[in-house]
Structure formats: C-alpha cells, structure tokens
Amino acid sequence: MSPEPSAPTPGPVLEAHGLSLGYGRAPIVHEVDLRVRPGALTVLVGANASGKSTLVRGLARLLNPQAGSVTLDGENLSRLPSREVARTIGVLPQTPVAPDGIRVGDLVAHGRYPHQSFFRGHRSDDDEVVAAALEATDAGSLVDRRVDELSGGQRQRVWIAMALAQQPEILLLDEPTSALDVAHQVEVLEVLRGEVSRGRTVVLVIHDLTLAARYADDLVVMAGGRIVARGEPVTTLTEEVVEHAFGVRARLLEDPDTGRPVVLPRSSRQPTDARGAQSRT
Ligand SMILES: Nc1ncnc2c1ncn2[C@@H]1O[C@H](COP(=O)(O)OP(=O)(O)OP(=O)(O)O)[C@@H](O)[C@H]1O
C-alpha cells in the first residue's frame with residue numbers, strides 16, 4: 001500500500017511587529033502587528049488609501065520600517081541577505097513595470113533568477129516551471145508576444161505567471177485580479193488556493209469583498225493605516241465592519257455553497273420605485 005501523502009511542512013513565518021511605514025515623516029501604516037499564517041491564504045481588504053499596498057511593501061522589504069520590524073522566522077528581515085529574501089518572498093506590486101520590448105516568455109523566466117547563480121545557471125526544469133506558470137494563468141498562447149502589446153488583463157496574467165514561476169514560499173500579490181474578467185479572476189484565485197494546498201503562504205490584496213470572503217483563510221481589514229478586523233471571513237466580515245472600513249452600508253447574505261458572506265453594498269441614495277420616482281417609504 002502506498003503511504004498517505006503527508007501534509008506539507010509549514011513554511012517560514014512572516015510577522016510585523018509594531019510596524020509603522022510611510023513615505024515621508026508622517027506614517028501611513030500605524031503600529032501594525034500581524035502574523036501571516038504559514039500555509040494559508042491571507043486576504044487584505046480596505047478602502048482606497050487605507051494602507052494595503054504600503055503594508056505589502058513593508059512585508060516585502062520594499063519599504064523600510066519607520067518603527068517596529070518585520071521578521072521572517074524571528075529574524076529581522078532587513079538584516080537577511082537579499083538573495084535569501086528574494087528566494088523566500090515573492091512580491092507582485094500593484095503596477096509592475098516591464099523592461100521595454102520584453103517578450104512574455106522572457107519576463108516569466110525572470111521569475112527563476114533568484115534560483116540561479118554562478119554555480120547553478122539556467123536548467124531545463126526552469127523551462128518546465130515557466131511553462132506550468134503560463135498554463136496556470138491561461139497565458140501559454142502569449143509566450144512569444146511583446147508584453148507592451150498585451151491587453152490589461154493579459155498583461156496581469158503574465159505578471160502573475162512570473163510571480164508563480166519564482167516559486168517562493170511566501171507570495172505577496174497586490175491586486176493581481178483588478179484587470180481580469182470574472183472567469184479569469186476565479187481561475188487565478190483557484191490557482192492561488194492550489195499553491196496554498198501545496199504548502200505555500202499567499203497574501204493577497206483584492207477589492208471584491210465577496211471573492212475575498214470566499215477564498216481567504218484569514219481576512220485582514222484595514223482602515224486608516226490600521227488593522228480594524230481580522231480572522232475567519234465568516235466572523236470578521238460583518239455589516240458593521242464593512243460600514244466602518246468602507247463608509248458604505250451593505251447587506252451580507254450567506255453563500256449557499258460555502259456558507260461564506262456575500263456582500264451587497266446598498267446605495268447611498270434613497271431606493272426608487274419601478275417608474276424611477278423617489279420612494280417615500
Ligand atoms: N510612493 C508614495 N509616496 C507618497 N505617498 C504615497 C506613496 N504611495 C502611497 N502613498 C500614500 O499612502 C496612502 C496609502 O496608500 P496605499 O497605496 O498604501 O493604499 P491602498 O490601501 O493600497 O489603496 P488602493 O486601494 O487605492 O490601492 C495614500 O494616501 C497614498 O497617497
């Protein structure tokens with residue numbers, strides 16, 4: 001009898017301790033404590049300018065702390081060698097910039113660079129990883145196209161492929177589905193759940209609260225540069241939290257398939273009747 005497949009060993013623990021971040025003197029992210037659960041999918045949500053991207057940049061060491069620290073398995077991230085950080089933490093920023101004229105296959109192959117060195121150059125399994133990443137994001141047919149000639153959604157899928165090809169233990173993605181049609185959004189989120197089931201840790205920023213609630217293991221809600229709610233989506237995403245974080249009233253229904261919340265934002269205007277007249281009730 002073949003042995004039971006063993007559960008993947010949990011990866012390194014990424015943590016923020018009293019982390020404050022900003023671009024000038026004034027902090028944008030204030031004293032955040034966050035333990036990113038290894039082997040889980042954490043989704044960050046919050047209104048525009050609530051500090052999600054800034055927090056992601058801090059967790060990825062793209063921005064130095066103004067106060068507090070980020071640690072990887074207890075080691076201060078800012079003191080770890082760059083190559084080790086690049087192999088462990090992959091980050092896809094909100095608006096990545098591709099080198100002029102680069103082709104899709106070459107861009108995605110860039111994801112393999114942290115694994116290569118003077119002693120370990122390009123190998124055939126790098127090609128396999130790149131091909132698998134392109135296939136997972138439905139971008140295989142684009143491999144010879146120039147990145148700057150792609151549609152917004154095609155380009156976004158290619159960047160996700162590059163991040164996947166890096167095969168980091170921790171993957172941070174800032175709004176990776178913002179330009180995708182609904183089918184590709186679901187496809188990418190399923191791919192990321194697949195990464196998590198193989199033991200990877202994924203942190204994701206998205207704006208669609210219903211998709212966030214459906215796919216997250218841990219949901220983190222930000223407002224004004226602080227975490228205002230966190231935990232399982234079912235208990236974390238409440239009408240009060242949505243109103244506090246987004247300034248909009250919403251009705252939360254239960255998804256009959258998953259039991260997770262479905263968020264229906266309410267209009268800030270009075271409801272109108274079928275003829276378009278303002279309702280008086
Ligand atoms: N490079 C920068 N220099 C100065 N201020 C910045 C910079 N990047 C972001 N900010 C400011 O930091 C604040 C938080 O921005 P951030 O991008 O972290 O928010 P966000 O929650 O990711 O927003 P969105 O949902 O709109 O992407 C905003 O007020 C923004 O203007």
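Whatever order the structure lists ligands and atoms in, that order sets their numbers, starting from 1. For this chain, numbers begin at 1 and follow the sequence in order. What you see below is based on every heavy atom in this structure, not just the backbone, and it leaves out hydrogens, waters and symmetry mates.
With sequence neighbours left out, the side-chain hydrogen bond (donor to acceptor under 3.5 Å, both in side chains) criterion links D174 to S53.
For E232, the CD atom counts as loosely surrounded, since its 6.0 Å shell holds 12 or fewer non-hydrogen atoms of other residues, nucleotides or ligands.
Under the side chain to side chain donor-acceptor pair (under 3.5 Å) criterion, the residue pairs touching residues 60-76 are H17-T71, R61-S82, N76-S78, with sequence neighbours excluded. The side chain to side chain donor-acceptor pair (under 3.5 Å) analysis of residues 28-45, with sequence neighbours excluded, yields the pairs R37-D218.
R146 and D106 are not joined by a salt bridge, as no carboxylate oxygen comes within less than 4.0 angstrom of a charged side-chain nitrogen. Salt bridge annotation for R198-E195: present, with a cationic side-chain nitrogen under 4.0 angstrom from a carboxylate oxygen.
When heavy-atom distances to ligand 1 are checked against 4.0 Å, the residues falling inside are Y23, I28, A47, N48, A49, S50, G51, K52, S53, T54, Q94, E175, H207, ordered by chain and number.
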